[in-house]
Protein chains: 2
Amino acid sequence: MDSKIFNLKAKLEVYKAMTNGGNFADCPVRDVIQGISGKWSSLLVMALAEKPYRFGELRRLVPDISQRMLTQTLYDLQRDGYVHREVFPTKPPSVEYSLTDLGRSMFAPLQMLVQWAELNRDAVREARAAFDAAQA
Amino acid sequence: MDSKIFNLKAKLEVYKAMTNGGNFADCPVRDVIQGISGKWSSLLVMALAEKPYRFGELRRLVPDISQRMLTQTLYDLQRDGYVHREVFPTKPPSVEYSLTDLGRSMFAPLQMLVQWAELNRDAVREARAAFDAAQA
DNA sequence: AGTGGTAGTCTCAAAAAGAGACCAGCACTA
DNA sequence: TAGTGCTGGTCTCTTTTTGAGACTACCACT
């Protein structure tokens, strides 16, 4: 075992002590990770990292998101402080979404993961195909 | 805008060309990200990065996961090639789960995100509290 | 004979996500 | 002047996903 890999068990004990001493259910890191690991969260953060977008622009950019989920995911991202929402009083009022500083700082490590995914998507697809073939 | 931030729109065009030319729905990166962004996936990968664990050990380590979701998440991780499953013919047969090389290589960027979450969990919680207070 | 540990599966209820209709207000067009 | 479309959503209904908990079979130990 690589000793540089952090010790999860020790961390769990720390979290137990930090929270209610009982279980590991409300581990604060999990809380944060969960907020950004939703189906659409990372995609929207990636989009907004490029430049601010309006609601309809995001909808067109990600065609297979429903309006309902776009609304809700943006709301959640705003609530967690990653995204800023600004309404402009144009004739049909337009709403612009942009990353906050916190959002940009979170985007950095997220991008690492996305880059890994880009590099390794073939490996994952092959593994998946091999597994499915073995199951059949 | 920071010019070092990659251009999502250009990427989207590339993906469009790579897939069916139509929409961005089956973007391969999203496919990979989705596999590791489940509610339990990252947590189990983090656990297995420390050392291999057996089914029951994982269940005890993460007390609030149901057996059903543990089974299924491990199955999915195995299917995508992140996790290796090995059955030992002990008297009650025991099953050991461990990370594959692919899993370990994915854990590296995942850890970046987890470290970010550790450092910024307070900021996120404050943002959340402020937002909720403003809504009320 | 009863208890506990092994790794699950099965069923049913609750929560989350997806599909699509609907809304008000303004601009442009026929 | 009535229709059409764009703005950013909400509302309802259905499908999918998740969670809770009972149940299985086998073996060891008491």
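These numbers come from the heavy atoms of this one structure, side chains and all, not from hydrogens, waters or symmetry mates.
Between A/E57 atom CD and D/dC6 atom P the separation is 14 Å, expressed in whole Å. Computed from coordinates, the B/K39 NZ to C/dA15 P distance equals 12 Å when rounded to whole Å. Spacing between atom CD of A/Q67 and atom P of D/dC11 amounts to 13 Å, rounded to whole angstrom units. If you take OH of B/Y97 and P of C/dG8, they are 4 Å apart, rounded to a whole angstrom. Rounded to whole Å, the distance from CD on A/Q34 to C1' on C/dA15 is 13 Å. Whole-Å rounding puts the A/I65 CD1 to C/dA17 C1' distance at 11 Å.
A/S98 pairs with exactly one of A/H84, A/E86, A/R85 by the side chain to side chain contact (heavy atoms under 4.5 Å, CB included) rule, that one being A/H84.
Side-chain proximity of B/S66 to D/dT7, D/dG19, C/dG8: nearest is D/dG19. Taking the side chain of A/F55 as heavy atoms from C-beta on, and the options D/dG9, D/dT7, C/dC26, the nearest nucleotide is D/dG9. You'll find that the side chain of A/W40 is closest to C/dG18, out of C/dA7, D/dG19, C/dG18.
Residue B/D64 comes nearest to B/W40 through the heavy atom pair O-CH2, 3.4 Å, listed as atom of the first residue, atom of the second, then distance.
Between B/R59 and C/dG5, a side-chain N or O to OP1/OP2 separation shorter than 4.0 Å is absent. Put simply, B/Y53 has no side-chain N or O that comes within less than 4.0 Å of OP1 or OP2 on C/dA7.
A/N120 is linked by a side-chain hydrogen bond (donor to acceptor under 3.5 Å, both in side chains) to A/W116, counting only residues two or more places apart in sequence or in another chain. By the side-chain contact (heavy atoms from CB on, under 4.5 Å) test, A/F131 is found to be paired with A/Q135, B/Y75, B/Q78, B/R79, residues two or more places apart in sequence or in another chain being considered. Every residue two or more places apart in sequence or in another chain that forms a side-chain contact (heavy atoms from CB on, under 4.5 Å) with B/S66 is listed here: B/R68, B/M69.
Taking Ile, Leu, Val, Met, Phe, Trp and Tyr as hydrophobic and joining them when side-chain heavy atoms fall under 4.5 Å apart, one finds B/M112 in a cluster with A/M112. Under a 4.5 Å side-chain heavy-atom cut-off, the cluster of Ile, Leu, Val, Met, Phe, Trp and Tyr residues that includes A/F88 has no other member.
Of the residues in residues 68-88 of chain B, those lying under 4.0 Å from DNA chain C by heavy-atom distance are B/R68, B/T71, B/R85.
Between A/G56 and B/K91, the residue anchored nearer the 5' end of DNA chain D, judged by the nucleotide with its closest heavy atom, is A/G56.
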